[in-house]
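Heads up: numbering here begins at 1 and tracks the sequence. Computation of the quantities below employed the complete heavy-atom set of this structure, encompassing side-chain atoms and omitting hydrogens, waters and symmetry-equivalent molecules.
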Amino acid sequence: VQLQASGGGLVQAGGSLRLTCTASGGTFDFPLGWFRQAPGRNREFLAAISWTGKSTYYADSVKGRFTISRDNAKNSVYLQMDSLNPEDTAVYYCAADPAGAWFERDQYNYWGQGTLVTVSS
């Protein structure tokens, strides 16, 4: 499975961005997650969604501001990010098919290449 993330860019504080991750080369019937990594920091879990889309899980740091969703017909998962602040600046990654806990990065079998989000103050 190959994952391609897109939608990053430069946004002012308080603004919004929508990230997209599209899968190819395999099935799409697995949970998907979003992570981010800021310079000098570990890769951080943000959100995950079941393959049906009926279950979602969020890190406390983004709950209420970020929304994960998916469109299985398009093999795509999305991350709507609102009320962005400079602390959200990072490279954002999508990941697929966790073997265990959705919030643990080491459980994911597939990763996208990352898309950079920069939030200016």
Linked, directly or transitively: I49 and L79 (ILVMFWY side chains, under 4.5 Å): yes
Point-to-point distance, once rounded to the nearest 0.5 Å, from OG of S24 to CD of Q2: 4.5 Å
Hydrophobic cluster (4.5 angstrom, side-chain heavy atoms) - remaining members for L10: none
Hydrophobic cluster membership, L3 vs W34, 4.5 Å side-chain cutoff: yes
Shared hydrophobic cluster for L84 and F45 (ILVMFWY, side-chain gaps under 4.5 Å): no
Side chains of M81 and V11 in contact at under 4.5 Å (non-hydrogen atoms): no
Cation over ring face, R43 and Y93, 6.0 Å, 45°: yes
Atom pair CZ/OG of F28 and S76 - distance to nearest 0.5 Å: 6.0 Å
Check against side-chain contact (heavy atoms from CB on, under 4.5 Å), R36 and V91: CA-CA 5 Å; R36 69 184 178 190; V91 177; over 6 Å; no
Identify every side-chain donor-acceptor pair in residues 53-62 under 3.5 Å, counting partners at least two apart or on other chains, and give the distances.
from, atom 1, to, atom 2, distance (Å)
Y58, OH, I68, N, 2.8
D60, OD1, K63, NZ, 3.3
S61, OG, E44, OE2, 3.2

Heavy-atom donor-acceptor pair, S83 side chain to R65 backbone, under 3.5 Å: no
From CZ (F66) to CG (D82), nearest 0.5 Å: 8.5 Å
Y78 side chain reached by R18 side chain, heavy atoms, under 4.5 Å: yes
Least distance between heavy atoms, V1 atom then G26 atom: CG2-CA, 4.1 Å
Taking every non-hydrogen atom, the tightest pair across A13 and P86: CB-CD, 4.1 Å
Residues S16, Q80; criterion side-chain contact (heavy atoms from CB on, under 4.5 Å); working and verdict: CA-CA 7 Å; S16 299; Q80 176 67 39; 3.9 Å; yes
Reported CG-to-OG distance for the pair L32 and S69, which is rounded to 0.5 angstrom: 11.0 Å
Criterion side-chain contact (heavy atoms from CB on, under 4.5 Å) on Q37 and Y92, from CA distance to verdict: CA-CA 7 Å; Q37 188 165 15; Y92 284 68; over 6 Å; no
T20 side chain to S6 side chain, donor-acceptor N/O pair below 3.5 angstrom: no
Name every donor-acceptor pair, under 3.5 Å, that has one atom in a side chain of residues 106-117 and the other anywhere in the protein, sequence neighbours excluded.
from, atom 1, to, atom 2, distance (Å)
Q107, OE1, G100, N, 3.0
Y108, OH, W102, O, 2.5
N109, ND2, D97, O, 2.8
N109, ND2, D97, OD2, 3.3
Q113, OE1, A5, N, 3.2
Q113, NE2, A5, O, 2.9
T115, OG1, G8, N, 3.1

